[in-house]
Every structure is written in structure tokens, then in C-alpha cells.
2 protein chains.
Amino acid sequence: MSSPRERILEQASILFHHQGYNSTGINQIISEANVAKASFYQHFKSKDDLCVEFLNRRHQYWFDALSDFTSKTENPKERILSAFDFIIHMNDRENFRGCSFLNILSEISKEQESILRVIQSHKNDLRVFFRQLVNNELLATHIYLLFESAIIESQLFESNEIVDKSKSIVKNII
Amino acid sequence: MSSPRERILEQASILFHHQGYNSTGINQIISEANVAKASFYQHFKSKDDLCVEFLNRRHQYWFDALSDFTSKTENPKERILSAFDFIIHMNDRENFRGCSFLNILSEISKEQESILRVIQSHKNDLRVFFRQLVNNELLATHIYLLFESAIIESQLFESNEIVDKSKSIVKNII
DNA sequence: AATTAAATAGACAGACTTGTCTGTATTATT
DNA sequence: AATAATACAGACAAGTCTGTCTATTTAATT
């Protein structure tokens with residue numbers, strides 16, 4: 001069995017992503033991770049601290065998965081379009097739970113700056129991802145915005161229909 | 001002074017919008033609305049029930065404000081562009097708190113269906129709003145998606161820069 | 001084998017949550 | 001003026017929350 005710290009992060013990933021941040025308590029996390037509470041506070045100084053760590057991990061995991069998924073083709077335009085297939089892929093895997101970063105954004109207050117910064121930097125990286133594929137500032141932003149709303153709208157309506165629509169819109173503008 | 005029910009809804013609007021749904025308790029609402037707890041439960045059978053009522057009100061308020069704001073011009077294309085100015089207007093008024101509907105979407109679970117339905121129907125209406133202005137299904141969706149992400153990204157970065165960018169993107173596609 | 005480090009269980013504090021309840025006071029209607 | 005409806009204050013239940021603490025056990029290192 002993996003280390004307590006690892007088990008905490010694993011369970012937090014599952015629970016934060018499926019139930020939301022505020023609706024998931026430390027007690028549930030440690031109980032399902034089979035870790036004592038004192039051990040939890042040995043590794044994380046607060047719940048917000050765990051949240052930051054979770055988001056950092058999620059960032060790594062998500063970008064690795066995106067890179068993997070989109071690098072099946074060499075053509076930059078094909079890669080952009082496959083990024084939208086990646087949304088569908090993730091929706092299937094995660095039951096339309098949307099973007100962890102945007103979900104948590106809606107839950108935090110202005111005081112939780114350290115969490116906000118991780119979210120901002122994640123989205124910045126996503127924007128850079130598209131910019132590297134189109135080499136045109138405004139077009140990259142355009143695609144980025146459509147990508148973002150494709151995630152959210154598919155979460156809202158629990159359907160990939162809008163992702164396909166976004167994809168064909170993008171096909172027309174690149 | 002207005003009725004207890006009215007005062008509850010007023011305070012709930014302010015608090016849900018500024019602190020989020022899960023972070024706002026019944027006790028705070030009734031305390032700031034100067035209403036007894038028994039009175040609260042005479043008008044609303046649960047917190048979720050209040051949430052539905054709040055969203056219905058917000059829907060009305062928000063659409064009235066949008067209609068008002070965009071109807072200063074007759075030209076449909078001008079109206080679409082002014083809808084993006086409306087985002088800036090609301091961001092200024094509400095300190096980049098984003099969309100109440102999408103914020104609450106991130107906070108609820110799959111069980112809270114009545115809340116989800118109100119959110120879905122609000123967004124459907126927004127889509128119809130654009131479709132009435134462009135009379136082209138795919139283009140309307142395109143604008144709708146850019147509008148949605150303009151709200152979210154300006155919330156995330158607490159800046160209207162991305163709204164202006166969205167606006168110029170829309171200018172080029174209509 | 002002895003020492004140090006890490007993990008355990010779980011009690012506890014203090015504050016919060018939603019929702020129910022009792023009893024009283026105010027207001028509106030007949 | 002008497003009745004009925006509404007609102008009031010606030011205790012209470014039963015649970016949640018984060019975070020601290022003690023005391024014990026397991027594991028790793030010297």
C-alpha cells in the first residue's frame with residue numbers, strides 16, 4: 001500500500017472532483033484513505049493546503065493526459081481538433097464533472113489567494129498550449145475560449161453534443 | 001419595511017452571490033434579513049427551495065437588465081456586441097463574481113435536480129436570446145459559447161480584458 | 001538490540017450546519 | 001371587539017465541520 005500522504009491525495013482527488021471542495025470533509029478523506037487525522041495534519045497544514053496540492057497534481061495529470069491524447073497526430077490543426085475529442089474522452093471517464101479548477105473557483109472566496117493562483121496558472125498554461133499550435137494570438141484565444149465553454153456546457157447539460165458543435169466551429173476558423 | 005419573504009430573498013441574493021451557496025448558512029440569511037427562523041421555514045421548505053426561488057429571481061433580474069442594456073440600439077449586430085459590454089457592466093457592479101448559475105452548478109450534486117433544471121433553462125434562454133439576433137443556429141451557438149467563457153474568464157482573472165477580446169472576436173464573425 | 005521517526009486510534013474543543021419546536025406578540029380581517 | 005393569520009425570539013436536536021491533542025503501536029535506522 002502506498003504512503004499515507006499518497007493515499008490522502010488519491011482520495012482527495014476522487015472526492016473533490018466528484019463531490020466538490022466544500023462538500024468534502026477532512027474526516028471523509030482520511031476515513032476513505034485509511035489514515036489517522038494526526039497523520040493528515042503532519043502532511044498538510046490545512047485543508048486549503050491540501051487543495052493546492054490536489055490542484056497541482058491535477059494540473060500535472062490533466063496536461064499529461066492532454067499531451068498524450070493530442071500527440072497522436074503531428075498536424076497542429078489536427079491536434080487542436082483532437083483536444084476537443086479529449087474533452088469527450090474525459091467526460092466519459094469522469095461523468096461530466098467538468099473542470100476541477102473552474103469548479104473550485106466557484107467555491108472559494110477572495111481570501112483563498114493561494115488556491116486562486118494555481119487555477120489562474122493552470123488556465124494560463126492551457127492558453128499557451130493553443131498558442132503554440134496556431135501561432136496567432138487572437139486565434140489562440142478564440143480557440144481557448146471555445147474550449148473552456150465546451151467543457152462547461154457539456155457539464156451543464158451532461159452531453160457531448162455541444163463539444164462536437166464546438167469542434168466543428170473550430171474546424172471552420174482554423 | 002418589506003415582507004419577511006422579500007427580505008429573505010434580498011439577503012439570500014446578496015449572500016449567495018457573494019459568498020457562494022454552500023458557504024452561506026440559513027442562520028446568516030435570517031439574521032441579516034431580520035427574520036425569525038420559524039418564519040423562514042414558513043415560506044421555504046428547505047434551503048434548496050430557497051435556492052430555486054433565488055435563481056428564478058436572478059433569472060428575471062438578469063434578463064431584464066440585459067434586455068434593457070442591449071435595447072439601446074436597434075441593429076442586431078450592435079445588440080450582440082453590447083451584450084459583451086453588459087458583462088463588463090455587471091463585472092463592475094458585482095466585483096467579478098461571475099455567473100450565479102454557473103457558480104451554483106459547481107456546488108451542487110447530481111441529486112439536486114430541481115436546482116440543475118433552473119440553471120439549464122436559464123442558459124437555454126440565453127442561447128435563444130442570441131439566436132433571435134443572428135438567425136443562424138451555429139453562429140448563435142458560437143456567440144453564446146464566447147459569451148459564456150467571457151464571463152468565466154473575467155471572473156477568473158478579475159479583469160475585463162478578455163471580455164474586450166471576446167468582443168472583437170465576435171465582431172469579426174458576425 | 002536500542003533509538004528515532006512515522007503512523008495509528010480516537011477523544012476533544014469550539015464552532016458551525018439545517019431543520020423543528022414552543023410559546024408569545026403583532027397585525028389583519030371579520 | 002373577537003378571531004385568525006402571521007411573525008417573533010430563541011431553545012433544541014442531531015449532525016457537520018476543522019483542527020489539536022494524547023497515548024499507543026508500528027517501522028526504519030543506527
Side-chain angles (χ1 to χ4, degrees), chain A residues 1-55 103-104 106-116 118, chain B residues 1-56 100 103-104 106-116 118:
Chain A
M1 193 155 59
S2 47
S3 76
R5 190 170 200 279
E6 213 57 40
R7 299 203 302 275
I8 289 167
L9 281 163
E10 264 167 45
Q11 284 305 316
S13 290
I14 296 167
L15 296 171
F16 286 168
H17 195 66
H18 284 82
Q19 306 181 349
Y21 180 59
N22 287 328
S23 300
T24 303
I26 297 287
N27 291 328
Q28 191 186 4
I29 294 169
I30 59 167
S31 150
E32 296 189 19
N34 278 104
V35 164
K37 191 173 269 196
S39 305
F40 175 89
Y41 281 99
Q42 207 143 17
H43 291 291
F44 304 96
K45 63 175 198 291
S46 68
K47 192 189 173 188
D48 274 16
D49 193 48
L50 171 63
C51 184
V52 167
E53 262 303 290
F54 154 65
L55 289 177
N103 285 337
I104 288 178
S106 295
E107 295 209 53
I108 59 169
S109 72
K110 303 263 186 221
E111 282 78 50
Q112 293 161 292
E113 292 168 52
S114 53
I115 295 175
L116 179 63
V118 182
Chain B
M1 193 154 59
S2 48
S3 74
R5 189 171 202 279
E6 213 57 40
R7 299 203 302 276
I8 290 167
L9 281 164
E10 264 166 45
Q11 284 305 317
S13 292
I14 296 167
L15 296 171
F16 286 168
H17 196 66
H18 283 82
Q19 306 180 349
Y21 180 59
N22 287 328
S23 300
T24 303
I26 296 286
N27 291 329
Q28 190 186 5
I29 294 169
I30 59 167
S31 151
E32 295 188 20
N34 278 103
V35 165
K37 190 172 270 194
S39 304
F40 174 89
Y41 282 99
Q42 206 143 18
H43 292 290
F44 305 96
K45 63 175 197 293
S46 67
K47 192 189 173 186
D48 274 16
D49 193 48
L50 170 64
C51 184
V52 168
E53 263 302 291
F54 155 66
L55 289 177
N56 281 332
S100 283
N103 284 337
I104 288 179
S106 295
E107 295 208 53
I108 60 170
S109 71
K110 303 262 186 224
E111 283 77 50
Q112 292 162 293
E113 292 168 53
S114 54
I115 295 175
L116 179 62
V118 182

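Convention: sequence-line order gives letters A, B, ...; per-chain numbering from 1. Reckoned from all heavy atoms, side chains included, excluding hydrogens, waters and symmetry mates.
Taking all atoms of both residues into account, the shortest heavy-atom contact from B:Ile8 to B:Phe44 is CG2-CE1, 3.6 Å. Residues B:Cys51 and B:Ile115 come closest through the heavy atom pair SG-CD1, 3.7 Å. Taking all atoms of both residues into account, the shortest heavy-atom contact from A:Tyr41 to A:Ser46 is CE2-CA, 4.3 Å. The shortest heavy-atom contact between B:Val35 and B:Ser39 is CG1-CB, 3.6 Å. Annotation for A:Thr24 and A:Ile29: closest pair CG2-CG1, 3.8 Å, computed over non-hydrogen atoms. Of all non-hydrogen atoms in A:Lys110 and A:Glu113, the two that sit nearest each other are O-CG, 3.6 Å.
Contact of the A:Glu10 side chain with the A:Ser13 side chain is not registered, since no non-hydrogen atoms from C-beta on lie closer than 4.5 Å. Here the side chains of A:Leu50 and A:Leu9 are in contact, with some heavy-atom distance below 4.5 Å. Considering only heavy atoms from C-beta on, A:Gln112 comes within 4.5 Å of A:Ser109 through its side chain.
One finds the CG atom of A:Asn103 at 7.5 Å from the NE2 atom of A:His17 (value rounded to the nearest 0.5 Å). In this structure, CZ on B:Phe16 lies 11.0 Å from CD on B:Gln11, to the nearest 0.5 angstrom. Between B:Asn22 atom CG and B:Glu107 atom CD the span is 4.5 Å, to the nearest 0.5 Å.
Counting to the nearest Å, the P atom of C:dT17 and the CG atom of B:Leu50 are 14 Å from each other. Residue B:Phe40 contributes atom CZ, which lies 13 Å from atom C1' of C:dT17 at whole-angstrom precision. Here C:dT20 presents its P atom at 7 Å from OH of B:Tyr41, a figure rounded to the nearest Å.
Using five terminal pairs a side, the axes of the helix from C:dA1-D:dT30 to C:dT30-D:dA1 at its two ends make an angle of 10°, given in steps of 10 degrees.
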Next item on the list: At under 4.0 Å between heavy atoms, which parts of nucleotides 7-12 of chain C does protein reach? Answer with one letter per nucleotide, 5' to 3': B base, S sugar-phosphate only, - none.
Entry: SBBB--

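Evaluation of the salt bridge (Lys or Arg N to Asp or Glu O under 4.0 Å) test over residues 35-46 of chain B, restricted to residues two or more places apart or in two chains, returns B:Lys45-B:Asp49.
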Shorter than 3.5 Å, N or O on both sides, protein versus nucleotides 14-16 of chain C: list them out with atom names.
none

Next item on the list: Any chance you could lay out the side chain to side chain contact (heavy atoms under 4.5 Å, CB included) test for B:Tyr21 and B:Leu55, step after step, and finish with the verdict?
Entry: CA-CA 11 Å; B:Tyr21 180 59; B:Leu55 289 177; over 6 Å; no

Next item on the list: Go through B:His43 and B:Glu53 one step at a time and tell me if the side chain to side chain contact (heavy atoms under 4.5 Å, CB included) criterion holds.
Entry: CA-CA 11 Å; B:His43 292 290; B:Glu53 263 302 291; over 6 Å; no

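Near DNA chain D, defined here as any heavy-atom distance below 4.0 Å, the residues from residues 9-26 of chain A are A:Thr24, A:Gly25, A:Ile26, listed numerically.
The outermost nucleotides of DNA chain D lying under 4.0 Å from heavy atoms of chain A, listed 5' to 3', are D:dC17 to D:dC21.
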